[in-house]
Number of protein chains: 2
Amino acid sequence: MSTSLDRLIETTQALLWERGYAGTSPRAIQEQAGVGQGSMYHHFRSKAALAQAAEERSAAELIEEVRQLLDGPGDPLDRVLAYLRLERDILKGCRIGRLAADPEVVADHSLRKPLEDTFAWISTRLTGLLQEAQAGGQLQQGLDPRLLAATVLAVRQGGYVLARAASSTVPYEQAVEGLTALLTARRT
Amino acid sequence: MSTSLDRLIETTQALLWERGYAGTSPRAIQEQAGVGQGSMYHHFRSKAALAQAAEERSAAELIEEVRQLLDGPGDPLDRVLAYLRLERDILKGCRIGRLAADPEVVADHSLRKPLEDTFAWISTRLTGLLQEAQAGGQLQQGLDPRLLAATVLAVRQGGYVLARAASSTVPYEQAVEGLTALLTARRT
DNA sequence: GTCTATAGCCCGATAGAC
DNA sequence: GTCTATCGGGCTATAGAC
């Protein structure tokens, strides 16, 4: 059986993902979690405090998911490409990246930090794999793994934006395939 | 001298860019535009109708800006790369792409259409330039210009997300440089 | 820990005077 | 065209009983 505390955090994670920070009200959280007003404000002093807890859990979950994939078997470059293809619900977007649209999140350091840390972690891990790929000869020399890691992350995040704008996963898949082709292009 | 109608639309454009659809209230629009409640509801029957007008103007302005760059002088590939580098206020994000985070925008066809149309237009234009670049030998054969166009768009949109999450333009610039390196990579 | 009650303000919209 | 008044409801909390 889950505690009120857990239900509050899980519900907030879901609502932040769907509606963002501004669009998520304490009242909606309480109703969806089946937790009363008094209970919520007993556990968290404010909407921001609850949102921060939810963000931190979402960030940890996302990193764990990505870590399992990137630490998995296979050639380093293949793992990077698998990350690009990693199936999530494309039209829902990224539970972390979505929050970068909220000015209140970006303006508040405690709310922004989970976003910054998550992308920094993934970027570092991707950079390492791309370096390995270069050492192994699967990736062209002369390319900067750090820059490419940022490109990989951006294609994922931007792909979500294009997909939601088109109400179709196609632009996401095209962007990923385009980058995949560039990363695997053999010298002629 | 600007009319109330114009001030309403311009103000709504600015607020949608900053705060998104859910975060933009009729009251805030009225105050910032210096226009009364009655006046606003005389010109627009609802918040959605005003938002739609603002979106359409923003989309037209953005397309015109991009058109001028992409129709400009220089090699086709250089123009695509110039689009990637096109200086806007990176931390503000994209006035069109930002709205794809709003569930109310994505769910309402009239509100989503300007987004879809804008990205479709830019994508088509980029595809044409990349085809020209291939014909001219500046871009490697065997790559699909349609897919690469989606990648270019995604890097821009995703770069904004990473930049806002990091509160720094650096990740944006890295992502762009990474893609630029891939697109200009010479065969060895 | 959780409840109910209440506060003060904002939401999106409508009505009708001028 | 623009004004003010008003509607029913939601917003983010706070207070104090249980």
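Please read these numbers as outputs of a predicted model, since none were measured by experiment. Quick note on labels: first sequence line is chain A, next is B, and so on, each numbered from 1.
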Inset, instruction - List the atom of B:Val105, the atom of B:Leu111, and the distance in Å for their closest heavy-atom pair. - result: CG1-O, 3.6 Å
Inset, instruction - Decide, yes or no, whether a salt bridge links A:Glu65 with A:Arg95 under the criterion of side-chain N to carboxylate O below 4.0 Å. - result: yes
Inset, instruction - Let me know the distance between OH of A:Tyr21 and P of D:dT12, rounded to the nearest Å. - result: 8 Å
Legend entry - Nearest-angstrom distance from the residue atom CD of B:Gln37 to P of D:dC7: 14 Å
Legend entry - Below 4.0 Å: OP1/OP2 of C:dC3 and any side-chain N or O of A:His42: no
Legend entry - Contact residues, residues 99-107 of chain B to DNA chain D [heavy atom, < 4.0 Å]: none
Legend entry - Backbone of B:Leu147 reached by a side-chain donor or acceptor of B:Thr151 within 3.5 Å: yes
Inset, instruction - Output yes when A:Asp6 and A:Arg57 qualify as a salt bridge under the 4.0 Å nitrogen-oxygen rule, no when they do not. - result: yes
Inset, instruction - Give a yes/no answer on whether the side chain of B:Ser25 brings an N or O atom under 4.0 Å of OP1 or OP2 in C:dC11. - result: yes
Inset, instruction - For A:His43 and C:dC3, give me the distance from atom NE2 to atom P, rounded to whole Å. - result: 10 Å
Inset, instruction - Report yes if at least one side-chain N or O of A:Ser46 is closer than 4.0 Å to OP1 or OP2 of D:dT12; otherwise report no. - result: no
Inset, instruction - Decide, yes or no, whether a salt bridge links A:Arg79 with A:Asp71 under the criterion of side-chain N to carboxylate O below 4.0 Å. - result: no
Inset, instruction - Between B:Lys47 and B:Gly38, just flag the one whose closest nucleotide in DNA chain C comes earlier from the 5' side. - result: B:Lys47
Inset, instruction - Take the protein atom CG of A:Asp108 and the nucleotide atom C1' of D:dT12, then report the distance between them rounded to whole Å. - result: 16 Å
Inset, instruction - Could you tell me the separation between the CG atom of B:Leu15 and the P atom of C:dG12, rounded to a whole number of Å? - result: 12 Å
Inset, instruction - Measure the distance from CZ on A:Arg27 to C1' on D:dT14 and round it to the nearest whole Å. - result: 15 Å
Legend entry - Spacing of A:Phe44 atom CZ relative to D:dA13 atom P, expressed in whole Å: 13 Å
Legend entry - Cationic N near anionic O, under 4.0 Å, B:Arg7 to B:Glu10: no
Legend entry - Interatomic distance where CD belongs to B:Gln30 and P belongs to C:dG12 [whole Å]: 10 Å
Inset, instruction - Using a 4.5 Å cut-off on heavy atoms from C-beta on, say whether the side chain of B:Glu116 contacts that of B:Trp121. - result: no
